[in-house]
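Residue indices begin at 1 and follow the sequence shown.
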Amino acid sequence: MIKSKMFIAGIAAAAFLSSCTSKEQAPGMTSVSKPDSTGMQTASSDTLPKDTTVATGDNSENSLDWNGTYEAVVPCADCPGIKTSLTLNKDKTFSITEEYIDRKSKNEDKGTFEWDATGSFITLKGKSAKYKYKVGENKLIQLDMDGGEIDGPNKDLYVFKKK
């Protein structure tokens, strides 16, 4: 009698525990989780989607209407400034024109750009243009080559406004 009660209690416990396990899987995934050395359930590396985005929640990349043309006159060491026009396209391509004021010098470049992991900054990948920008509402803030904001009395000249 005691053995049959223990047997029934064992079956009930097994049924209860199995009802707590998720049976749903995302399409294309082969397993949900596997125990680690401590017996805890952890996500299996082969269950994670291959194309995951690090940034979550609202960020510049997914919340702002960032594509379009931005303009600024950035400082120049030996001229009154560089009139710059930068166009960002939805397909992550760009074109940039830099015209040196009071000179007959103009640079043009095209290429692609990449978002950082937070979805807040972009880096241009052109033939010569390798600039970094912080993306804001209807503006871009040009950063230094290390990705830091440019400081000093002329810092406002590095803010590009959307046309």
CG-CG distance between N138 and D65, expressed to the nearest 0.5 angstrom: 7.5 Å
Cation over ring face, K139 and W66, 6.0 Å, 45°: no
Fellow cluster residues of V73, listed by chain then number, with links counted only when side-chain atoms sit under 4.5 Å apart: I101
Separation between CZ of F94 and OG1 of T123, rounded to the nearest 0.5 Å: 10.5 Å
Qualifying side-chain hydrogen bond (donor to acceptor under 3.5 Å, both in side chains) pairs, either residue in residues 150-163, two or more places apart: none
Spacing of CG belonging to L143 relative to OH belonging to Y131, to within rounding of 0.5 Å: 13.0 Å
Selection residues 77-89 - residue pairs positive for side-chain hydrogen bond (donor to acceptor under 3.5 Å, both in side chains), sequence neighbours left out: T69-T87, D78-R103, N89-T93
Interatomic spacing from OG in S95 to CG in L86 - rounded to 0.5 Å: 7.0 Å
Short side-chain to backbone donor-acceptor contact, N107 and E98, under 3.5 Å: no
Separation of K125 NZ from K92 NZ (nearest 0.5 Å): 12.5 Å
From OG1 (T97) to CD1 (I82), nearest 0.5 Å: 13.0 Å
Verdict with reasoning, L140 to V135, per side-chain contact (heavy atoms from CB on, under 4.5 Å): CA-CA 5 Å; L140 299 175; V135 181; 3.8 Å; yes
Atom NZ of K110: over 12 foreign heavy atoms under 6.0 Å: no
Verify same cluster id: I122, V74 (apolar side-chain graph, 4.5 Å): yes
Joint cluster assignment, I150 & F160, ILVMFWY side-chain distance < 4.5 Å: yes
Which atom of N62 lies closest to which atom of G57, heavy atoms considered: ND2-O, 3.0 Å
Under 3.5 Å donor-acceptor, D109 side chain and K127 backbone: yes
Main-chain N/O of F121 paired to D116 side chain as donor or acceptor, under 3.5 Å: yes
